[in-house]
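Heads up: numbering here begins at 1 and tracks the sequence. What you see is a predicted model; the values in this text were computed from it and never measured.
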Amino acid sequence: MASSPAGTLYRGREGMWSWVAHRITGVMLFFFLFAHVIDTAMVRVSPEAYNTAVETYKNPIVGLMEVGLVAAFLFHGLNGVRVILVDFWSKGPRVQKQMTWGVLVVWVVLMVPFAIRHLANVFGGGS
């Protein structure tokens, strides 16, 4: 029985999961930016409505969503650099697996301190 070649594109390996996560974070960021433009535009129509909308964002659920937003933005940006390197660096395709793991390591190193600090502020423990 012939097995499929290991490490080929889109067969459940790092490249496929990176591709999936990149698309998901891109869609999430699109919808955030859409909502952000809409609520920011409210300031021109009705400053009171804008202030009311901004006040609704000051709660722990939105604080948790902000961690998700930063996580999506950070992963999307770091992985975007990886995609550029795979496409335009001659060694990129050969080291794409290592770059994927590098993206994840850098993402964790940056996200953990941010999440700790931000959630401390959200839940009242920060200064």
Side-chain angles (χ1 to χ4, degrees):
M1 172 155 104
S3 64
S4 61
T8 58
L9 200 57
Y10 309 126
R11 294 191 189 261
R13 304 288 301 231
E14 295 84 0
M16 185 200 75
W17 293 113
S18 176
W19 180 87
V20 168
H22 197 75
R23 285 354 181 240
I24 290 170
T25 57
V27 169
M28 290 169 56
L29 293 171
F30 171 80
F31 283 114
F32 163 75
L33 288 173
F34 180 75
H36 180 63
V37 167
I38 296 297
D39 70 8
T40 303
M42 283 193 307
V43 78
R44 305 267 294 146
V45 176
S46 170
E48 296 80 25
Y50 172 78
N51 289 336
T52 301
V54 169
E55 279 302 311
T56 64
Y57 299 152
K58 296 178 181 177
N59 67 66
I61 293 171
V62 174
L64 290 170
M65 291 171 64
E66 288 171 340
V67 172
L69 174 65
V70 171
F73 176 80
L74 187 58
F75 175 81
H76 194 80
L78 291 170
N79 193 57
V81 171
R82 185 195 68 83
V83 169
I84 291 168
L85 290 172
V86 168
D87 287 347
F88 296 107
W89 181 35
S90 61
K91 295 180 184 177
R94 286 188 301 247
V95 296
Q96 70 88 21
K97 179 179 179 177
Q98 292 86 348
M99 287 192 297
T100 300
W101 286 108
V103 163
L104 292 175
V105 167
V106 171
W107 181 81
V108 168
V109 165
L110 295 173
M111 272 307 297
V112 168
F114 165 76
I116 291 168
R117 173 71 180 188
H118 183 70
L119 292 176
N121 288 332
V122 167
F123 292 106
S127 53

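- Applying the side chain to side chain contact (heavy atoms under 4.5 Å, CB included) rule to V37 yields no partners; only residues at least two apart in sequence or on another chain are considered.
- The side-chain heavy atoms of F75 and L110, taken from C-beta on, include no pair separated by under 4.5 Å.
- Partners of I116 by side chain to side chain contact (heavy atoms under 4.5 Å, CB included), not counting sequence neighbours, listed by chain and number: V112.
- V103 and V81 fall into different hydrophobic clusters, defined by Ile, Leu, Val, Met, Phe, Trp and Tyr side-chain heavy atoms under 4.5 Å apart, directly or through other members.
- Closest of all the heavy-atom pairs between A53 and T56 is O-OG1, 2.5 Å.
- A chain of hydrophobic side-chain contacts below 4.5 Å, direct or via other Ile, Leu, Val, Met, Phe, Trp or Tyr residues, connects M111 to F123.
- More than 12 heavy atoms of other residues, nucleotides or ligands shown are found within 6.0 angstrom of OH on Y57.
- Heavy atoms only, all atoms of each residue included: A49 and M42 are closest at O-CE, 3.9 Å.
- In this structure, CD1 in I24 is found 8.5 Å from CH2 in W17, a value given to the nearest 0.5 Å.
- Two different hydrophobic clusters hold L64 and V62 under the rule that ILVMFWY side chains link at heavy-atom gaps under 4.5 Å.
- With W107 contributing its side chain and A71 its backbone, the two residues share a donor-acceptor pair below 3.5 Å.
- Side-chain contact between L74 and F114: absent, with no pair of heavy atoms (C-beta onward) separated by less than 4.5 Å.
- A pairwise comparison of heavy atoms in Q96 and G15 identifies OE1-CA, 3.9 Å as the closest pair.
- In the hydrophobic clustering of ILVMFWY residues, with side-chain heavy atoms under 4.5 Å counting as a link, V106 and L104 come out together.
- Taking CG from D39 and OG1 from T52, the interatomic distance works out to 12.0 Å, rounded to the nearest 0.5 Å.
- With rounding to the nearest 0.5 angstrom, the NE2 atom of H76 is 8.5 Å from the CZ atom of R23.
- Sorted by first and then second residue, the ring pair (Phe, Tyr, Trp, His ring centres under 6.0 Å) pairs involving residues 23-52 (not counting sequence neighbours) are F32-H36.
- Within a 6.0 Å radius of CD1 in I61, other residues, nucleotides and ligands contribute 12 heavy atoms or fewer.
- Between atom CG of residue L78 and atom OG1 of residue T100 there is a gap of 11.5 Å, rounded to the nearest 0.5 Å.
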Side chain to side chain contact (heavy atoms under 4.5 Å, CB included) between L29 and L69: does it pass, once the steps are laid out?
CA-CA 7 Å; L29 293 171; L69 174 65; 3.8 Å; yes

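- With rounding to the nearest 0.5 angstrom, the NE2 atom of H22 is 8.5 Å from the CZ atom of R82.
- By the 4.5 Å heavy-atom criterion applied to side chains, V67 and L119 are counted as neighbours.
- Closest of all the heavy-atom pairs between V108 and P113 is O-CD, 4.3 Å.
- A distance of 9.0 Å separates CE in M65 from CG in N59, rounded to the nearest 0.5 Å.
- Residues V95 and W101 are members of separate hydrophobic clusters, defined by side-chain heavy-atom contacts under 4.5 angstrom among Ile, Leu, Val, Met, Phe, Trp and Tyr.
- For T25 (side chain) and A21 (main-chain N/O), a donor-acceptor pair under 3.5 Å exists by modelled atom type.
- Of all heavy-atom pairs spanning S18 and N79, the tightest one is OG-OD1, 2.7 Å.
- When every heavy atom of A72 is checked against every heavy atom of M28, the shortest pair comes out as CB-CE, 3.9 Å.
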